[in-house]
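Please read the structure below before turning to the comments.
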Amino acid sequence: RISKIKYEQQEEGLKREKEAIILKKKQTEETAKMRQEFLSAMSHEIRTPLNAVTSIISMLKERADEDDQKLLISLQFSSKNLMRIINDILDFSKLDSDKMKLEMYAVNFVELINNIRDTYLGMALEKGIELNVHIDNKLNKFYQLDDTKLFQILGNLVSNAIKYTNDGAVDIDIKLISSKNDTDKVSFRVKDTGVGIAKKEQSRLFDSFYIPSTITTRNNGGTGLGLAIVKKIVELYGSSVTLKSEKGKGSIFRFDLVIEKAAEVIKVDQKRTD
Ligand code: ADP
């Protein structure tokens, strides 16, 4: 009889433990959902007025005298930086909740890469660094690509490469490594002659919010989300990023993507307005 009571007590205890675990799991999921919704809503709320601020700065810059122009350039730099941080947070909240998906459009590949080069050329020139793009001529055609996300991957890698390089060059190499009927396998490499990354930091670099505690990187005001976003998007393409780096010598980030060929389209920019 005593053992029966003990057994029943044990059963009751186990049942309660199970219920507590289920409740905890539910609460964790709800908290994660609320956090994601909050981040997403906040980022949108901040982005709208910030867009207005940046476009007003651009307008003012055109009619300002030389002294005011310098102030406005500095203001523009700060607001662009703020926008980048907001975008990182927004992307991160999406990838955290597995909401990030690829959206494919027919895109001229070389045009996309030229856009990336044009966007970051000024940043490189300001630091007196060369930004070289070597792209296989065979890639001058249309592909089914999520161009916004490919821009994000390369943009993050290239802007990091420029940020963490004080002299020398940043090289973007894009090669066709194999071709099948409907797809091409393309290799991307972003190489810099910058500060490099210590061996012990390399494996954690792709973790969200991870920033090595060196003076150089702490001073750059990043979020530590850029590479986590890069990793996630490359994974969406079914691939992975590799890093080779030596402290003081520079870094090489590499990834391969299998991309689908697209029929040539006349006007690429008709696709969307965002
Ligand atoms: P963020 O640049 O916003 O801090 P990232 O995730 O893009 O975040 O990068 C994380 C860290 O990795 C950076 O703070 C920097 O220390 C290091 N890092 C990234 N790219 C490079 C690079 N090309 N050379 C040296 N360090 C780099």
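As the structure lists them, so they are numbered: ligands from 1, and atoms in each ligand from 1.
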Worksheet item: Can you tell which part of Lys163 has a heavy atom less than 4.0 Å from ligand 1: side chain, backbone, both or neither?
Response: side chain
Sub-4.0 Å atoms of ligand 1 with respect to non-hydrogen atoms of [X]:
{"X": "Phe253", "result": "20 (N), 23 (N)"}
{"X": "Ser251", "result": "24 (N)"}
{"X": "Tyr210", "result": "10 (C)"}
{"X": "Ala161", "result": "23 (N)"}
{"X": "Ile211", "result": "4 (O), 14 (O)"}
{"X": "Leu225", "result": "6 (O), 8 (O)"}

Worksheet item: Parallel, tilted or perpendicular: which fits the ring planes of Tyr120 and Phe151, with parallel below 30° and perpendicular above 60°?
Response: tilted
Worksheet item: Quick one: NZ on Lys261 to OG1 on Thr183, what's the gap to the nearest 0.5 Å?
Response: 7.0 Å
Worksheet item: Side-chain donor-acceptor pair under 3.5 Å between Gln76 and Lys61, yes or no?
Response: yes
Discussion item. We want to know whether Asp184 and Tyr143 form a side-chain donor-acceptor pair, criterion being a heavy-atom distance below 3.5 angstrom.
Written reply: yes
Residue-ligand contact [X]/ligand 1, heavy atom below 4.0 Å:
{"X": "Phe206", "value": "no"}
{"X": "Gly194", "value": "no"}
{"X": "Asn156", "value": "no"}

Practice prompt. Write out all pairs satisfying side-chain hydrogen bond (donor to acceptor under 3.5 Å, both in side chains) with one or both partners inside residues 8-21, taking only residues at least two apart or from two chains.
Written response: none
Under 3.5 Å between any N/O of [X] and any N/O of ligand 1: does that happen in this structure?
{"X": "Gly224", "answer": "yes"}
{"X": "Asp192", "answer": "yes"}
{"X": "Gly226", "answer": "yes"}
{"X": "Leu227", "answer": "yes"}

Worksheet item: Could you go step by step and tell me if Arg117 and Asn132 meet the side chain to side chain donor-acceptor pair (under 3.5 Å) rule?
Response: CA-CA 8 Å; Arg117 191 209 41 219; Asn132 306 311; over 6 Å; no
Discussion item. Within the supplied structure, the quantity of interest is the number of heavy atoms (other residues, nucleotides, ligands) at a distance under 6.0 Å from Lys149 NZ; does it exceed 12?
Written reply: yes
Worksheet entry | Lys244, NZ atom: more than 12 neighbouring heavy atoms under 6.0 Å | no
Worksheet entry | Presence of salt bridge, Asp256 and Arg254, under 4.0 angstrom | yes
